[in-house]
Amino acid sequence: VTKLAVLPETREKTLAITNGSDPRLWKSVELMDLEGSGKVVRGIDLYEIGQHVKGRLNEYLFNVTGAGFTYMDRPLVGLVRRFVAYKEQRILFGLIEQITGDRDKEYETPWGKRRGLGMNLLVGGVGRDDVGKEWVKKFKELAQREDLKGKFIFIEGSGTEAMKLA
C-alpha cells in the first residue's frame with residue numbers, strides 16, 4: 001500500500017518501512033539501569049522489574065483516571081497507541097470480556113466461546129481520525145461498565161509515562 005499509494009514516485013527504491021520509536025522513551029528507569037550495568041537481562045529480571053513498578057502504575061492510573069486495577073497480581077496487557085481506521089483496533093471490543101474474564105468462565109468471542117484469561121487490560125491513546133475518535137468513545141464507555149471496573153482501564157491521550165510503567 002505504501003509503495004502504491006503513499007510513496008508512488010519512489011516505489012522502486014522503497015524496500016521496507018519500519019515502524020518504531022526510541023526504546024528509551026518507553027522503558028522503565030529500572031530496566032535502563034539494569035541494561036546499563038552490563039549484566040545480561042534475564043526473563044526473571046524483567047518479571048521482577050514489572051512486579052516492582054505495578055504499584056506505581058496503579059498510583060498513576062488513579063491520579064490520571066480516578067480508577068485502578070483491583071487485583072495487581074493478575075498479568076497485565078498494555079496497549080498504548082494511536083487509534084486510526086487502518087490499525088483496526090475494533091477487534092478488541094469483542095475480546096475485552098475474555099481478556100479480563102475469570103479463567104473458570106466462558107465468554108463470547110468472535111471465534112465462539114472461550115475461557116477467560118484473567119488479565120488486567122490497559123488501553124490508552126488518542127483518536128487521530130473520525131473512526132479512531134469513535135473507538136475512543138467506545139473504550140471510554142466500556143471502562144465505565146461495572147463488570148469491567150478494576151480489570152479494564154482506558155487512558156485517553158496517554159503518553160510515555162504509562163508505557164514506562166506498564
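Starting from 1, each residue takes its place in the sequence as its number. All values below come from the heavy atoms of this structure, side chains included, with hydrogens, waters and symmetry mates left out.
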Any chain of hydrophobic side-chain contacts (each under 4.5 Å) joining F62 to M72?
-> no
Residue pair F69 / K151: nearest heavy atoms and the distance that separates them = CE2-O, 3.4 Å
Which value, rounded to the nearest 0.5 Å, describes the distance between M119 atom CE and F152 atom CZ?
-> 14.5 Å
Please indicate whether K138 has more than 12 foreign heavy atoms, meaning atoms of other residues, nucleotides or ligands, lying under 6.0 Å from its NZ.
-> no
With the 4.5 Å side-chain cut-off for hydrophobic clustering, are L142 and V131 part of the same group?
-> yes
Scanning both residues in full, the closest heavy-atom pair of V136 with G127 reads CG2-N, 3.5 Å
Any idea which heavy atoms bring P110 and G94 closest together, and the distance?
-> CD-O, 3.5 Å
Nearest non-hydrogen partners of P75 and G118, listed with the distance = CD-O, 3.6 Å
dist N120:CG -> L148:CG (nearest 0.5 Å) comes out at 11.5 Å
Shared ILVMFWY cluster between I44 and V53, side chains joined below 4.5 angstrom?
-> no
What pair of heavy atoms forms the shortest contact from R103 to L117, and how long is it?
-> NE-O, 3.0 Å
Measure the CD1-CG distance between I153 and L121 for me, rounded to the nearest 0.5 Å.
-> 9.5 Å
Can you say whether the rings of F139 and F154 are parallel (under 30°), tilted (30 to 60°) or perpendicular (over 60°)?
-> parallel
Does atom CD of E59 have more than 12 heavy-atom neighbours from other groups under 6.0 Å away?
-> no
Could you walk me through whether V123 and I155 pass the side chain to side chain contact (heavy atoms under 4.5 Å, CB included) test, one step at a time?
-> CA-CA 6 Å; V123 175; I155 307 175; over 6 Å; no
Is F93 reachable from L79 through a run of hydrophobic residues whose side-chain heavy atoms are each under 4.5 Å from the next?
-> yes
Can you name the closest pair of heavy atoms from D102 and R74 and give their distance?
-> OD1-NH1, 4.5 Å
Do other residues, nucleotides or ligands put more than 12 heavy atoms under 6.0 Å from K149 NZ?
-> yes
Salt bridge check: are K113 and E108 linked by an N-O gap of less than 4.0 Å?
-> yes
Hey, are K27 and E35 close enough for a salt bridge, meaning a charged N less than 4.0 Å from a carboxylate O?
-> yes
Can you tell which of V40, V41, V29 makes a side chain to side chain contact (heavy atoms under 4.5 Å, CB included) with L34?
-> V41
In this structure, CG of D73 is separated from NZ of K54 (nearest 0.5 Å) by 7.0 Å
Just by distance, do the side chain of N58 and the backbone of G55 share a donor-acceptor pair under 3.5 Å?
-> no
With hydrophobic residues grouped by side-chain heavy-atom distances under 4.5 Å, do V77 and L92 end up in a single group?
-> yes
Euclidean distance, R114 CZ relative to L95 CG, rounded to 0.5 Å | 10.0 Å
NZ/NE/NH1/NH2 to OD/OE distance under 4.0 Å, R145 and E97 = yes
Salt bridge check: are E30 and R56 linked by an N-O gap of less than 4.0 Å?
-> yes
Any donor-acceptor pair under 3.5 Å from E156 side chain to G124 backbone | no
Would one find more than 12 heavy atoms of other residues, nucleotides or ligands at under 6.0 Å from atom CG of D130?
-> no
Find the distance between NZ (K133) and NZ (K137) and round it off to the nearest 0.5 Å.
-> 11.0 Å
